[in-house]
Amino acid sequence: METIIWQGKPFQFGFPSFTNYTISDSRLLVEKGVFTKRREEIRLYRVRDISVTRSLIKRIFGMGDITVFSSDTSSPKYVLRNVRDTAKVADLLGEAAEEARLKYKAFEVTEIAQQ
């Protein structure tokens with residue numbers, strides 16, 4: 001059974017959002033749509049890097065964008081837009097990804113070039 005670590009919606013300046021973000025202990029889920037639902041899933045052990053971007057306007061409203069870089073073939077780069085408490089959510093995502101790599105023993109092999 002999965003444990004939900006964080007759930008949220010993008011901040012849309014008062015307009016309704018039909019996007020849901022969920023971080024569990026094993027995956028990142030993004031569900032979009034009203035009539036036709038689309039669901040993106042990235043397994044956390046595939047997450048390679050996380051980047052946070054906060055423009056001046058977004059900092060004023062207390063939000064930002066989180067970019068997730070992964071080894072997933074369908075979504076190697078995914079942006080979670082207009083997330084509140086961006087740094088906190090990015091830290092939670094990074095910690096969950098590290099725990100998932102340890103749990104599934106999924107380690108990245110890096111080439112080391114000899115000179």
Side-chain angles (χ1 to χ4, degrees):
M1 183 164 169
E2 298 189 294
T3 303
I4 303 297
I5 298 170
W6 178 83
Q7 285 184 312
K9 290 178 168 273
F11 180 71
Q12 300 292 4
F13 301 97
F15 296 101
S17 173
F18 301 106
T19 301
N20 293 311
Y21 301 135
T22 303
I23 301 172
S24 74
D25 58 350
S26 63
R27 59 191 173 157
L28 167 65
L29 288 170
V30 180
E31 293 181 330
K32 293 181 178 183
V34 178
F35 300 114
T36 302
K37 290 277 195 181
R38 180 178 175 165
R39 180 176 154 168
E40 294 278 337
E41 176 181 318
I42 300 173
R43 293 284 174 178
L44 290 182
Y45 68 84
R46 293 181 177 266
V47 173
R48 300 178 81 184
D49 198 17
I50 299 166
S51 173
V52 173
T53 306
R54 297 177 67 208
S55 67
L56 178 61
I57 297 296
K58 289 185 179 186
R59 284 193 317 236
I60 290 170
F61 286 101
M63 63 182 170
D65 298 337
I66 301 172
T67 304
V68 178
F69 300 95
S70 72
S71 60
D72 188 69
T73 56
S74 64
S75 303
K77 178 181 172 185
Y78 201 88
V79 181
L80 306 175
R81 301 203 180 277
N82 300 339
V83 176
R84 289 188 181 271
D85 297 323
T86 314
K88 177 184 154 193
V89 174
D91 289 344
L92 285 173
L93 181 58
E95 290 169 11
E98 186 63 31
E99 288 178 18
R101 277 192 291 276
L102 292 172
K103 179 180 176 181
Y104 294 107
K105 296 180 176 68
F107 299 103
E108 184 175 327
V109 177
T110 307
E111 270 187 52
I112 299 174
Q114 293 183 349
Q115 295 180 357

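The figures here come from the full heavy-atom set of this structure, side chains too, leaving out hydrogens, waters and symmetry mates. Position 1 is the first residue of the sequence, and the numbers go up from there. Just so it is clear, the model here is predicted, and its values are computed rather than measured.
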Cluster overlap Val30 with Val68, hydrophobic side-chain contacts below 4.5 Å: yes
Closest contact, heavy atoms only, Ile66 versus Ala90: CD1-N, 3.9 Å
About how many Å separate CG of Asp91 and NZ of Lys88, when rounded to the nearest 0.5 Å? 10.5 Å
Atom OG1 in Thr86, atom CE in Met63: separation rounded to 0.5 Å? 8.5 Å
d(Asp25 CG, Lys103 NZ) to nearest 0.5 Å is 5.0 Å
Thr67 side chain near Lys77 side chain, heavy-atom distance below 4.5 Å: yes
May I ask whether Phe11 and Phe15 are part of the same hydrophobic cluster, defined by side-chain heavy atoms of I, L, V, M, F, W, Y residues being less than 4.5 angstrom apart, directly or through others? no
Are Glu40 and Lys32 within salt-bridge range, i.e. N to O under 4.0 Å? no
Considering all heavy atoms, the nearest Ala97-Leu44 contact: CB-O, 3.6 Å
Near Lys105 NZ, under 6.0 Å, is it more than 12 heavy atoms from other residues, nucleotides or ligands? no
Kindly compute the distance separating CD1 (Ile5) from CD (Glu99), expressed to the nearest 0.5 Å. 7.0 Å
4.5 Å side-chain heavy-atom contact, Tyr21 and Leu93: no
Connected via hydrophobic side-chain network under 4.5 Å: Leu92 and Val47: yes
If I take atom CG from residue Asp49 and atom OG from residue Ser71, how far apart are they, to the nearest 0.5 angstrom? 12.0 Å
May I have all residue pairs that pass side-chain hydrogen bond (donor to acceptor under 3.5 Å, both in side chains) and include part of residues 51-61, sequence neighbours excluded? Lys58-Asp65, Lys58-Asn82
Using a 4.5 Å cut-off on heavy atoms from C-beta on, say whether the side chain of Leu28 contacts that of Leu80. yes
Are side-chain heavy atoms of Ile23 and Val89 found at a separation under 4.5 Å? yes
If I take atom CG from residue Asn20 and atom NZ from residue Lys9, how far apart are they, to the nearest 0.5 angstrom? 4.0 Å
Please work out which of the three classes, parallel, tilted or perpendicular, describes the rings of Tyr104 and Tyr45, given edges at 30° and 60°. tilted
How far apart are the C-alpha atoms of Leu29 and Arg39, what are their side-chain angles, what is the distance that settles it, and do they pass the side chain to side chain contact (heavy atoms under 4.5 Å, CB included) test? CA-CA 7 Å; Leu29 288 170; Arg39 180 176 154 168; 3.4 Å; yes
Nearest heavy-atom contact between Ser17 and Gln12 is CB-CG, 3.6 Å
Could you tell me which non-hydrogen atom of Glu2 sits nearest to which non-hydrogen atom of Ser26, and how far apart they are? OE2-OG, 2.8 Å
